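Remarks on the structure that follows.
Naming: A, B, ... by sequence-line order, numbering from 1 per chain. Remember, it's a predicted structure, so these values are computed and weren't measured experimentally.
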Amino acid sequence: MPELPEVETIVNELKPLVEGKSFQSIKIFETRSIDGNPREFTAALKNNKITKLFRRGKYLCFSLINGSHLTIHLRMTGKLLQKPGKKDKKYLRVKLVFDKKFALYFVDIRKFGKLKLWPEKDVLLPALGPEPLDSPTVFKVLISLKTKTTRVVKTILLDQHALAGVGNIYADEALFLGGIHPQTQLCRIEDAAIKRLSQVLPRILKRAIKNKGTTLSDYQTPDSGAGDHQHFLKVYGREGLPCYTCGTEILRTRINGRSSYFCPRCQG
DNA sequence: CCTTAGTCCTGCATGC
DNA sequence: TGCATGCAGGACTAAG
């Protein structure tokens, strides 16, 4: 499941390949993968030139020369590949053709991922909170929410309106590094601990970017490569295994329908 | 307004 | 081995 570091890795890899290029044609195999009218989508992209590719939260954003934007959200199983593998063919949803030699294949098993076109007059991704890549920003967001909500901290970290880009894996990792139990209400966390969390969250995200993201099952970079950060996870997916810090068994609980892994001793 | 539960989708793991 | 069940979850929507 691509979160901020995975999307950042994909953008870094694609940037030199797509900036300055124009869409020659678009082939839609699954209309569900398009947010909006597929015909209008195809027509608007055709012969449109990409001026810039960037990331915002978990979205890939293509700036187009006419002022509009294309966004792609990969959700759980979405991939953007230059050369789909044999197993990918069955799940090919959209093909973006640039020229005879170069196309991008949007492959998505679960059909949750979406491509969306944003007209120039629309504000791009208006509901997203700030990027969680520097600690003063994260601290400001969490402190200001502290008096406004009764929700638990894990839920807040996953809320894209609060901070954009954090998903289940890095939320759990940051809470472990910050020594905070995922089920703690934000309003009950002391400022010093919020400060700690604000420092470790940007740090873990940047470290995961350096490691080209976490590949557990589906995530792949456009050249079909895997990430390395799965080898550095402290708690995510480690239920029943000993904590690297204290040896206590890592537990798993459910918060808002999502698995949350934590060390009951380090995050007591 | 705020918060929670249900929905989408398909492969995979589990149990009998 | 086969079949049924349930689990995984990001973001949206409906309901409380």
(message) Angle between ring planes, A:Y59 versus A:H73, binned at 30° and 60°: parallel, tilted or perpendicular?
(response) perpendicular
(message) Looking only at the side chains, is there a donor atom on one of A:T137 and A:D134 sitting less than 3.5 Å from an acceptor on the other?
(response) yes
(message) Tell me the interatomic distance from A:E6, atom CD, to C:dG10, atom P, rounded to whole angstroms.
(response) 11 Å
(message) How many whole angstroms separate atom CG of A:L128 from atom P of C:dC12?
(response) 8 Å
(message) Under a plain distance cut-off of 3.5 Å, with no hydrogens placed, do A:T77 and A:D108 share a side-chain donor-acceptor pair?
(response) yes
(request) Considering only NZ, NE, NH1 and NH2 on the basic side and carboxylate oxygens on the acidic side, decide whether A:D172 and A:K234 come within less than 4.0 Å. (result) no
(message) Whole angstroms only, please: what is the CG-P distance between A:N256 and C:dG9?
(response) 12 Å
Would you list the protein and nucleotides 1-3 of chain B atom pairs, both N or O, that sit under 3.5 Å from each other?
from  : atom 1 : to     : atom 2 : distance (Å)
B:dT3 : OP1    : A:T149 : OG1    : 2.7
B:dT3 : OP1    : A:T150 : N      : 3.1

(request) Measure the CD1-CZ distance between A:I28 and A:F106 for me, rounded to the nearest 0.5 Å. (result) 11.5 Å
(request) Only counting residues at least two apart or in another chain, list the ones meeting side-chain contact (heavy atoms from CB on, under 4.5 Å) with A:K195. (result) A:F139, A:Q199
(message) Taking the side chain as everything from C-beta on, heavy atoms only, tell me whether A:Q82 gets closer than 4.5 Å to A:F102.
(response) yes
(message) When you compare the ring of A:F112 with the six-membered ring of C:dA11's base, are the centres less than 5.5 Å apart and the planes under 30° from each other?
(response) no
(request) Hey, could you give me each pair passing salt bridge (charged side-chain N to carboxylate O under 4.0 Å, His left out) that has a residue in residues 36-64 of chain A? Not counting sequence neighbours. (result) A:E8-A:R55, A:R55-A:E131, A:R56-A:E131
(request) Check DNA chain B against residues 160-171 of chain A and give the residues with a non-hydrogen atom under 4.0 Å, in numerical order. (result) none
(message) Rounded to whole Å, please give me the gap between CG in A:D35 and P in C:dG10.
(response) 18 Å
(message) Would you say A:Y236 places a side-chain N or O within less than 4.0 Å of OP1 or OP2 belonging to C:dG9?
(response) yes
(message) Nearest to the A:R110 side chain among C:dC12, C:dG10, B:dT10, which nucleotide is it?
(response) B:dT10
(message) Both conditions, 6.0 Å and 45 degrees, for the charged tip of A:R252 above the ring of A:F262: are they met here?
(response) no
(request) Could you state the atom-to-atom distance from CG of A:D108 to P of B:dT10 in whole Å? (result) 10 Å
(request) Answer yes or no: is there an ion pair linking A:R151 with A:D159, defined by an N-O contact shorter than 4.0 Å? (result) yes
(message) Below the 4.0 Å mark, does C:dC7 have OP1 or OP2 next to a side-chain nitrogen or oxygen of A:S259?
(response) no
(request) Report whether A:L175 and A:V200 are members of the same hydrophobic cluster (ILVMFWY, side-chain heavy atoms less than 4.5 Å apart, transitive linking). (result) yes
(request) Return yes if a side-chain donor-acceptor contact under 3.5 Å exists between A:K154 and A:S260, otherwise no. (result) yes
(request) Round to the nearest Å and state the distance from A:D159 atom CG to C:dA11 atom P. (result) 10 Å
(message) Show me the dot-bracket string of DNA chain C, counting Watson-Crick or G-U pairs under 3.5 Å, with | for pairs to another strand and [ ] for crossing ones.
(response) .|||||||||||||||
(message) What is the distance, to the nearest angstrom, from the NZ atom on A:K114 to the P atom on C:dG9?
(response) 19 Å
(message) For A:H229 and A:Y170, take the angle between the two ring planes, folded into 0 to 90°, and tell me which bin it lands in: parallel under 30, tilted 30 to 60, perpendicular over 60.
(response) tilted
(request) Please lay out, stage by stage, how A:D88 and A:K79 fare under the test salt bridge (Lys or Arg N to Asp or Glu O under 4.0 Å). (result) CA-CA 9 Å; A:D88 295 317; A:K79 298 188 270 192; 3.1 Å; yes
(request) With a 4.0 Å heavy-atom cut-off, tell me which residues in residues 72-91 of chain A come close to DNA chain C, sorted by residue number. (result) A:H73, A:R75, A:M76
(request) Find the distance A:I109:CD1 to C:dG9:P and express it as a whole number of Å. (result) 15 Å
